[in-house]
A.B. asks: 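Have a look at the structure that comes next, please.
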Amino acid sequence: MSQTEPTSAADPARVESGDVLHFIDGAFTASANDQSMENIEPATGQVYGSIAAGGPAEVDRAVEAAHRAFPIWSKMAPSDRAARLLRLADLVDANLEALARAESVDTGKPIGLARAVDIPRAASNLRYFANAVLHHHSEAYEHQQGTSRALSYTLRQPRGVAGTISPWNLPLYLFTWKIAPALATGNTVVAKPSEVTPVTAHHLAALSREADIPPGVFNIVHGRGAEAGAAIVAHRQIPTITFTGGTATGRQIAGTAAPMFKRLALELGGKNPTIVFADSDFEAAVSGAARAAFANQGQICLCGSRILIERSIFEKFTGAFVERVRSLRQGDPQEESTQQGAVVSRDHQQKVLGAIDVARREGGTILCGGEAAPAPNDRCRDGYFIKPTVISGLDENCRTNREEIFGPVVTLMPFDSADHAIHLANATDYGLAASIWTSNLNRAHHLADRVQAGIIWINCWLVRDLRVPFGGMKQSGVGREGGAEALHFFTEPKSVCLLLD
Ligand code: NAD
């Protein structure tokens, strides 16, 4: 692969070509050994570009550049850093259409979803942390010890080079959720997007030059997790690692990072309950549960993949829910009317279909779906489509109800009381999110208190304020992102005590 320089994310030829290079020290570059991987469009199953495949050599170069840039970037006035990140957010907005199309092609998600959610949220992440860092304050305490009076205050200093590793399901959305607070607080970054969906991060790199982010401040090394990702995690000069991805990968990363005493944030998998009481607004609960189950083909860590329904409305809810799911429009992700696109890869399609087979063997009843979907048009004849699938008749202890499937598959289970609902909700090793549908506020508060999850929604799903802590408990993760949590994660607190008199 030759060294080429894309001009802008808005350049339609680049978006179509899908070729992806590392971004190191402000320049696009191929791998030292010229290794690359194929980039496949999930909706068609066809190769549409190549991705530079990096490893330790590229990570070393990126870390050197990030180290060189750190003194200037970390000492730059926060308002100057913020101005650059705000400019980058404006450029993302200005390139909304091209970025949304690139995201849809790369992931198989409906273009409407990428346009309404993924890309606007990427701009919001950049804008939020650019502003937040200007308004963040540090504590100061005046105190007395014996006859002496003193003032203690906290300095929060950037930690150096941050390594950020992100997944394929919400590519630019989660990529920016990590780099924005890292950069806003004065760290420099070596980022690795998923090798399955690297294209929009590549375009963001081009935009970062237009936003005057200096060379070396923001670097991207593309490649496989076991090569580029593992090299970032193991690098001695990267003291801070933030990772979003699967729980098994998180365990591996912690195994490397913990003995090196790195600061580590892990945002991992989920098996989230949607809990529907008989007194809920029935229509709102049916459509809320369907959206929570199947948004982005069920490939959001926050998706509600287990729907718990109060027994008195179980049959009525099941009928209405299955009808709603059958009406979801599956189609070519590039078509405006499509509500369900392709899943991200052939491997993932096989994994999800395998999980449906497990559900069958466990005695589950497939109420709808349960198989690959026919191609919506000729262009998509080799694409990776799965019919939205609803399964009932399984208890809380089976694999189907305990293991993350991360696809368009949901189970239905009845419950008899609030305590029973809490028991079912908590019967997994995960604890990321839950949504509760009821008109009884006291009960909603009671469940919010008892359900083991880092995020609880009451009569809604995926309504997010970027200031609140984001993350999970149990095997869904360690640490929190968002708001002040992220600003603290990327800075080192230093307590200073000054004797006053
Ligand atoms: P994954 O764990 O396979 O990969 C995530 C990232 O880690 C990719 O960039 C990958 O290349 C990299 N990676 C893989 N092995 C690595 C290693 N040994 N060392 C360093 N990096 C490595 O996950 P995925 O399949 O891309 O994403 C799906 C998973 O992500 C699901 O489990 C989902 O629940 C989870 N997820 C969690 C959240 C959250 O906020 N909790 C958000 C989105 C996705």
Side-chain angles (χ1 to χ4, degrees), residues 8-12 14-18 20 39-44 46 48-49 51 88-127 166-180 193-207 244 291-292 294-303 328-345 348 376-377 379-380 383-386 388 406-408 461-464 466:
S8 155
D11 177 349
R14 297 269 350 145
V15 171
E16 292 306 319
S17 91
V20 166
N39 196 8
I40 295 171
E41 179 179 1
T44 63
Q46 305 303 314
Y48 80 108
I51 309 160
L88 185 56
D90 290 345
L91 286 163
V92 169
D93 283 343
N95 288 283
L96 169 68
E97 196 53 37
L99 288 168
R101 202 152 288 281
E103 201 72 296
S104 170
V105 169
D106 216 21
T107 58
K109 71 175 69 199
I111 177 76
L113 184 67
R115 191 188 289 127
V117 176
D118 290 73
I119 307 308
R121 173 58 192 274
S124 300
N125 289 339
L126 292 160
R127 207 164 270 131
S166 46
W168 49 256
N169 62 327
L170 301 167
L172 196 64
Y173 177 132
L174 290 174
F175 186 82
T176 50
W177 182 234
K178 293 181 180 303
I179 65 157
S194 170
E195 64 275 34
V196 185
T197 56
V199 171
T200 48
H202 177 68
H203 292 309
L204 190 76
L207 296 178
T244 297
R291 195 174 145 252
F294 295 109
N296 202 37
Q297 297 73 246
Q299 301 167 128
I300 302 180
C301 54
L302 304 165
C303 275
L328 290 171
R329 281 189 303 277
Q330 187 144 34
D332 185 335
Q334 295 302 299
E335 280 172 17
E336 296 294 333
S337 61
T338 294
Q339 294 172 312
Q340 288 286 293
V343 297
V344 78
S345 66
H348 195 56
N377 58 24
R379 185 184 96 85
C380 296
Y384 316 131
F385 295 86
I386 298 177
F406 212 57
W461 178 75
L462 208 61
V463 178
R464 289 267 303 123
L466 304 190

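Note that this is a predicted model, so its numbers are computed, not measured.
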A.B. asks: For a 4.5 angstrom cut-off between non-hydrogen side-chain atoms, does Glu336 reach Ile111?
C.D. replies: yes
A.B. asks: Measuring from atom CG of Asp332 to atom CZ of Arg379, what distance do you get when rounded to the nearest 0.5 angstrom?
C.D. replies: 4.0 Å
A.B. asks: Can you list the steps and then say if Val199 with Tyr48 is a side-chain contact (heavy atoms from CB on, under 4.5 Å)?
C.D. replies: CA-CA 11 Å; Val199 171; Tyr48 80 108; 3.5 Å; yes
A.B. asks: How far apart are the C-alpha atoms of Thr197 and Lys109, what are their side-chain angles, what is the distance that settles it, and do they pass the side-chain contact (heavy atoms from CB on, under 4.5 Å) test?
C.D. replies: CA-CA 11 Å; Thr197 56; Lys109 71 175 69 199; over 6 Å; no
A.B. asks: Check whether Gln299 reaches the backbone of Asn296 with its side chain - one donor and one acceptor, N or O, closer than 3.5 Å.
C.D. replies: yes
A.B. asks: Quick check: closest heavy atoms across Ala89 and Ala123, and the distance to 0.1 Å?
C.D. replies: CB-O, 3.6 Å
A.B. asks: For the atom pair CZ (Arg101) and CG (Leu99), what is the distance rounded to the nearest 0.5 Å?
C.D. replies: 12.0 Å
A.B. asks: Taking only residues two or more places apart in sequence or in another chain, which ones pass side-chain contact (heavy atoms from CB on, under 4.5 Å) with Thr244?
C.D. replies: Pro167, Leu174, Lys178, Glu267, Glu481
A.B. asks: Taking all non-hydrogen atoms of both residues, which atom of Phe385 and which atom of Ala342 are closest, and how far apart?
C.D. replies: CE2-N, 3.7 Å
A.B. asks: Would you say that Val344 contacts Asn169 through its side chain, given a criterion of any heavy-atom pair below 4.5 Å between the two side chains?
C.D. replies: no
A.B. asks: Can you find a heavy atom in the side chain of Gln297 that is under 4.5 Å from one in the side chain of Ile386?
C.D. replies: no
A.B. asks: What is the minimum heavy-atom distance between Pro333 and Gly108, and which atoms define it?
C.D. replies: CG-O, 3.2 Å
A.B. asks: Answer yes or no: is there a donor N or O on one side and an acceptor on the other, between the side chain of Asp106 and the main chain of Ala102, under 3.5 Å?
C.D. replies: no
A.B. asks: Looking at Phe406, is its backbone amide N or carbonyl O close enough to the side chain of His348 to form a donor-acceptor pair, meaning the two atoms are under 3.5 Å apart?
C.D. replies: yes
A.B. asks: Would you check if Ser104 and Gln334 make a side-chain contact, meaning some heavy-atom pair closer than 4.5 Å?
C.D. replies: yes
A.B. asks: So, the side chain of Glu103 versus the backbone of Leu172: is there a donor-acceptor pair under 3.5 Å, distance only?
C.D. replies: yes
A.B. asks: If the condition is side-chain contact (heavy atoms from CB on, under 4.5 Å), which residues does Arg291 pass it with, not counting sequence neighbours?
C.D. replies: Trp461, Leu462
A.B. asks: How long is the straight-line distance from CD of Gln46 back to CG of Asn39, given to the nearest 0.5 Å?
C.D. replies: 12.5 Å
A.B. asks: Got Glu97 and Ile119 here, is their nearest side-chain heavy-atom distance under 4.5 Å?
C.D. replies: no
A.B. asks: Any non-hydrogen side-chain atom of Leu88 less than 4.5 Å from a side-chain atom of Leu204?
C.D. replies: yes
A.B. asks: As an exercise, state the distance from CG of Leu96 to CG of Leu91, rounded to the nearest 0.5 Å.
C.D. replies: 13.0 Å
A.B. asks: Using the test side-chain hydrogen bond (donor to acceptor under 3.5 Å, both in side chains), find all partners of Gln340 that sit at least two apart in sequence or belong to another chain.
C.D. replies: none
A.B. asks: Between CG of Leu126 and CG of Leu207, what distance do you get to the nearest 0.5 Å?
C.D. replies: 10.0 Å
A.B. asks: Using the side chain to side chain donor-acceptor pair (under 3.5 Å) rule, pick out the option among Asp118, Thr200, Asn125 that qualifies with Thr176.
C.D. replies: Asn125
A.B. asks: Taking the side chain as every heavy atom from C-beta outward, state whether Arg464 and Arg121 have any pair of such atoms under 4.5 Å apart.
C.D. replies: yes
A.B. asks: Atom CD of Glu41 and atom SG of Cys380: how far apart are they, to the nearest 0.5 Å?
C.D. replies: 7.0 Å
A.B. asks: So Phe294 and Gln339, do their side chains get closer than 4.5 Å, heavy atoms only?
C.D. replies: no
